[in-house]
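First comes the structure, then the notes that go with it.
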Amino acid sequence: MSQKTLYDKIWEEHFVVDREDGSTLMYIDRHLVHEVTSPQAFDGLRQNNLIPRQINTIIATPDHNVPTTERAKDIEGIKDPVSKLQVVTLNDNCDEFGINQFKLNDERQGIVHVIGPEQGITLPGMTIVCGDSHTSTHGAFGSLAMGIGTSEVEHVLATQCLVSQKQKNMLIEIVGELQKGVTAKDITMFIIGRIGTAGGTGHVIEYSGEAIENLSMEGRMTLCNMAIEAGARAGMVAPDEKTFDYVSDKPFAPKGKELENAINYWKTLKTDPNASFDKIHSFSAEEILPQVTWGTSPEMVTHVDDSIPDVKEDNKTLMSALDYMGLKPGTKIKDIELDQIFIGSCTNSRIEDLRAASKILDGNKISKNIKRAIVVPGSGLVKKQAEAEGLDEIFKTAGFEWRDAGCSMCLGMNPDQLKEFERCASTSNRNFEGRQGFKGRTHLVSPTMAAAASLEGKFIDVREL
Amino acid sequence: MKNSNLYSGEFACLEKANVDTDQIIPKQFLKSISKTGLGPYLFDAWRFLDEGFLGKKLSDRKINPDFILNKPTYSGINVLISDDNFGCGSSREHAVWALKDFGINVVIASSFGDIFFNNCFKNGVLAIKISQDQINEIFFQQRQNSQKQIEIDLINQKIKIQNIKLIDFEIDEFRKNCLLEGLDDIGFSLKYETEISNYENKLKQLRPWILNE
């Protein structure tokens, strides 16, 4: 019997048929829907007189457009009429087609990549799609999860299949144990720094090694979340006892005998010992230090004790990045002063992230030069849990604003934005130009590094606190 | 009737690596619930000096005269040639809708973001990968000679630009047919209804928790 990777196994399990044009129909187990990339897909269904094929596999929630204040006002709290229309359109579409939605006033509402795992909608071995590139997050459970475009959203709604081609296999191994104070976010940013934002293009990445096995489920989600920033549509970690424990008590997970059967199947979901990969990268966990991006692409990253590289004048891409960021070659990362702090996003807004950040802040105040620091829980339930643990009080006492769930400042589709030339330490995933606001400047970091920076007003090594 | 010349025309070069979909169409324009009308906001933060929003009139905008697509000589282009990893980042199909609405139906680069690449073909936009050396040669030649005519023969997979050696390109047969035939992708997949149903019947036995019935 030939040796297979985890991806090979899930691919084979979901193979439906080869179309005569040479592409493959892959069956989709879960489809997550949000307000931004779905309206045109639902229009398409209506135009072609089609309906969603498997209604029970779909879950919807509004997240990108929603304000993170005044949640009690529900939809009326959305002041921008264009944003409001998009959220109302999602409601209408879900109602019309009978799709289960966690609406804005539901405590289960949140960022789509936070609520999937939280509810047990995401389970090992599944194929999961969503019209959002950070769908790679769900690979943390050993599922094949990927972002798709709106045409594909429509196709999956209508056929429950995705037109696919088999990707290549890439293994990224992190050998040994992480240094104290280094997080999953630092691992994923470090990897992007090494392999580049196109390093994983055309591949599905499997992450393995002791440092990965030691990560919590939240950490694995952070890791896989940014696989797309390394160019890979999907990243995954083989499921283990930690995974099974995490999903077992979730509302949408199978129960009783069915759960037992599921776990027995999930245990087979690992790469065979002699399976071959098209590409293997191996890094030592020890060499990973707290990371900070300095440019306008996630690959423009270094560790906090380093400086911005000496970019040559003729390197147009790097020079224009530094120009946009208002930074000079050779500047020490620790000399970069900040205006805003954002803790949130599908990368880092889960309970563990908030716990870690609040630990740094406990009993301290944010620096005077920080104009605004906000913390945005990934879901209504994360918020509730954090409040039960008193984390909200720690954040508020330190000077942070405690918000309602949503994508918030990860992308400025809602009122949470940077002003022109403001500089932000952000736990999100993209430092692209304008992403957090017109001419805003983003530095990506882990939640603990963001918390530490809020106290100092500039970047410091969280391990020194 | 197959028309191999659907994609010939004029080109401009955007000499930049990692052009992400947030640049192609910034976040504020994703609030649209339509596929059309996004062309005026293509590369909004680069084409204009002021901040744009949906519905903002062109006459109220401050044009950035230095941006390549604002130069009068490139006003009629339908082909954009750029660098490595074009269309990386967000899955927003709005990026392709904006390009198409602007009049661009071919993008050539040394590599593409996977999701963007797929999205192109779903909308009749031809995305072509050629080598970095070939890209560099085109950039160099255009700086020297300002040529902008480009012939793209999709059937025979060839790109012809004056002063540049004929370029052969690779394309998946199914993507090529999609463009040439203007395929209805969903209709095509629905022809496999039996296979999909058979799969679902098997699924109900093997992994009953998937369909939650």
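Letters A, B, ... are given to chains in the order of the sequence lines, protein chains preceding strands, and every chain is numbered from 1.
- The local environment of NZ in A/Lys250 is crowded, with over 12 non-hydrogen atoms from other residues, nucleotides or ligands closer than 6.0 Å.
- Listed for the B/Asp114 side chain is no donor-acceptor partner under 3.5 Å among the backbone atoms of A/Thr201.
- Interface summary for chain B: among A/Gly412, A/Gly196, A/Ser297, A/Gly231, the most heavy-atom pairs under 4.5 angstrom belong to A/Gly412.
- To the nearest 0.5 Å, atom NZ of residue A/Lys84 and atom NZ of residue B/Lys31 are 13.5 Å apart.
- Pairing each heavy atom of B/Ser189 with each of A/Thr159, the nearest pair is CB-CG2, 4.0 Å.
- The contact between A/Asp80 and chain B is made entirely by side chain atoms (from C-beta outward), counting heavy-atom distances below 4.5 Å.
- Contact of B/Glu15 with chain A is made through backbone and side chain together, with heavy-atom distances under 4.5 Å.
- Using a 4.5 Å cut-off between heavy atoms, A/Val17 contacts chain B through its side chain alone, with no backbone atom that close.
- Between B/Ser197 and A/Arg53, the closest side-chain pair of non-hydrogen atoms falls below 4.5 Å.
- The most heavy-atom pairs under 4.5 Å with chain B, out of A/Thr37, A/Val163, A/Thr89, come from A/Val163.
- Looking at A/Ser151, both its backbone and its side chain come within 4.5 Å of chain B, counting heavy atoms on both sides.
- Taking both residues in full, the closest heavy atoms of A/Phe432 and B/Gln23 are given as CB-NE2, 3.8 Å, listed atom of the first, atom of the second, then distance.
- Among B/Ser90, B/Cys178, B/Ala45, the residue making the largest number of heavy-atom pairs under 4.5 Å with chain A is B/Ser90.
- Other residues, nucleotides and ligands contribute at most 12 non-hydrogen atoms within 6.0 Å of the NZ atom of A/Lys419.
- Proximity to chain A (any heavy atom under 4.5 Å) is shown, for B/Asp44, by neither the backbone nor the side chain.
- Between B/Ile196 and A/Val16 there is a side-chain heavy-atom pair separated by less than 4.5 Å.
- For a residue to count as touching a neighbouring chain, one of its non-hydrogen atoms must lie under 4.5 Å from one of that chain's; by this rule B/Asp185 touches chain A with backbone and side chain alike.
- The parts of A/Glu13 that come within reach of chain B are both its backbone and its side chain, each placing non-hydrogen atoms under 4.5 angstrom from that chain.
- By the 4.5 Å heavy-atom criterion applied to side chains, B/Asp20 and A/Arg430 are not counted as neighbours.
- The residue among B/Asn198, B/Leu206, B/Asp22, B/Asp84 with the most heavy atom pairs within less than 4.5 Å of chain A is B/Asp22.
- Of the listed residues (A/Lys439, A/Glu154, A/Gln160), the one with the most heavy-atom contacts under 4.5 Å to chain B is A/Glu154.
- Note: A/His14 and B/Tyr199 have tilted aromatic rings, judged against thresholds of 30 and 60 degrees for the angle between ring planes.
- Side-chain N or O atoms of B/Lys27 include one that pairs as donor or acceptor with a backbone N or O of A/Gly434 at under 3.5 Å.
- No more than 12 heavy atoms of other residues, nucleotides or ligands shown are found within 6.0 angstrom of CD on B/Glu170.
- B/Ser32 approaches A/Gln86 most closely through the heavy-atom pair O-NE2, 3.4 Å.
- In this structure the side chain of B/His94 reaches within 4.5 angstrom of the side chain of A/Gln40, judged on heavy atoms.
- Rounded to the nearest 0.5 angstrom, A/Leu45 CG and B/Ile186 CD1 are separated by 6.5 Å.
- The greatest number of non-hydrogen atom pairs below 4.5 Å with chain A, out of B/Ser111, B/Pro26, B/Gly89, B/Gly187, is found for B/Gly89.
- In terms of non-hydrogen atom pairs under 4.5 Å with chain A, the most contact-rich of B/Glu173, B/Arg175, B/Glu193 is B/Glu193.
- Only the side chain of A/Asn65 comes within less than 4.5 Å of a heavy atom of chain B; its backbone N, CA, C and O stay farther away.
- Counting heavy atoms from C-beta on, the side chains of A/Gln54 and B/Glu200 come closer than 4.5 Å.
- Neither the backbone nor the side chain of A/Ile55 comes within contact range of chain B, judged by heavy atoms closer than 4.5 Å.
- Residue B/Phe112 touches chain A through its backbone alone, counting heavy-atom pairs closer than 4.5 Å.
- Using a 4.5 Å heavy-atom cutoff, the side chains of B/Glu93 and A/Val153 are not in contact.
- In this structure, chain B has a heavy atom under 4.5 Å from the side chain of A/Gln417, while its backbone stays farther away.
- In this structure, chain B has no heavy atom under 4.5 Å from any part of A/Leu259.
- The part of A/Tyr265 that comes within reach of chain B is its side chain, from C-beta onward, which places non-hydrogen atoms under 4.5 angstrom from that chain.
- Among A/Glu229, A/Glu152, A/Met126, A/Glu35, the residue making the largest number of heavy-atom pairs under 4.5 Å with chain B is A/Glu152.
- If you measure heavy-atom distances from B/Ser34 to chain A, the contacts under 4.5 Å come from the backbone alone.
- Using a 4.5 Å cut-off between heavy atoms, A/Asn93 makes no contact with chain B at all.
- For B/Leu49, the CG atom sits in a packed shell: over 12 heavy atoms of surrounding residues, nucleotides or ligands are nearer than 6.0 Å.
- There is no contact between A/Ser38 and chain B, counting heavy-atom distances below 4.5 Å.
- For a residue to count as touching a neighbouring chain, one of its non-hydrogen atoms must lie under 4.5 Å from one of that chain's; by this rule B/Glu195 touches chain A with backbone and side chain alike.
- Between A/Asp21 and B/Phe174, the shortest heavy-atom distance links the atoms O-CB, 2.7 Å.
- By the 4.5 Å heavy-atom criterion applied to side chains, B/Gln28 and A/Phe438 are not counted as neighbours.
- Contacts of A/Lys255 with chain B are absent, with no heavy-atom separation under 4.5 Å from either backbone or side chain.
- With hydrogens and angles disregarded, a donor-acceptor distance shorter than 3.5 Å links the side chain of A/Arg30 to the backbone of B/Ile210.
- If you measure heavy-atom distances from B/Asp172 to chain A, the contacts under 4.5 Å come from the side chain alone.
- Not a single donor-acceptor pair under 3.5 Å links the side chain of B/Ser91 to the backbone N or O of A/Gly147.
- Contact of B/Leu54 with chain A is made through the side chain alone, with heavy-atom distances under 4.5 Å.
- Annotation: maximal heavy-atom pairing with chain A below 4.5 Å, among B/Val96, B/Asp83, B/Asn119, B/Ile115, occurs at B/Ile115.
- A/Arg233 places a side-chain heavy atom less than 4.5 Å from the side chain of B/Asn118.
- Of the listed residues (A/His64, A/Glu420, A/Gln165, A/His134), the greatest number of heavy-atom pairs within a distance under 4.5 Å of chain B belongs to A/Gln165.
- Of the atoms belonging to A/Glu20, heavy atoms from both backbone and side chain fall under 4.5 Å from chain B.
- Taking each heavy atom of A/Ala262 and B/Trp209 in turn, the nearest pair found is CA-CH2, 3.5 Å.
- Residue contact with chain A, scored on non-hydrogen atoms closer than 4.5 Å, is absent for B/Thr36.
- When A/Asn261, A/Leu411, A/Ile148 are compared by the number of non-hydrogen pairs under 4.5 Å with chain B, A/Ile148 comes out ahead.
- Residue contact with chain B, scored on non-hydrogen atoms closer than 4.5 Å, involves the backbone of A/Phe15 exclusively.
- Between chain A and the residues B/Arg207, B/Lys191, B/Lys16, B/Lys202, the largest count of heavy-atom pairs under 4.5 Å involves B/Arg207.
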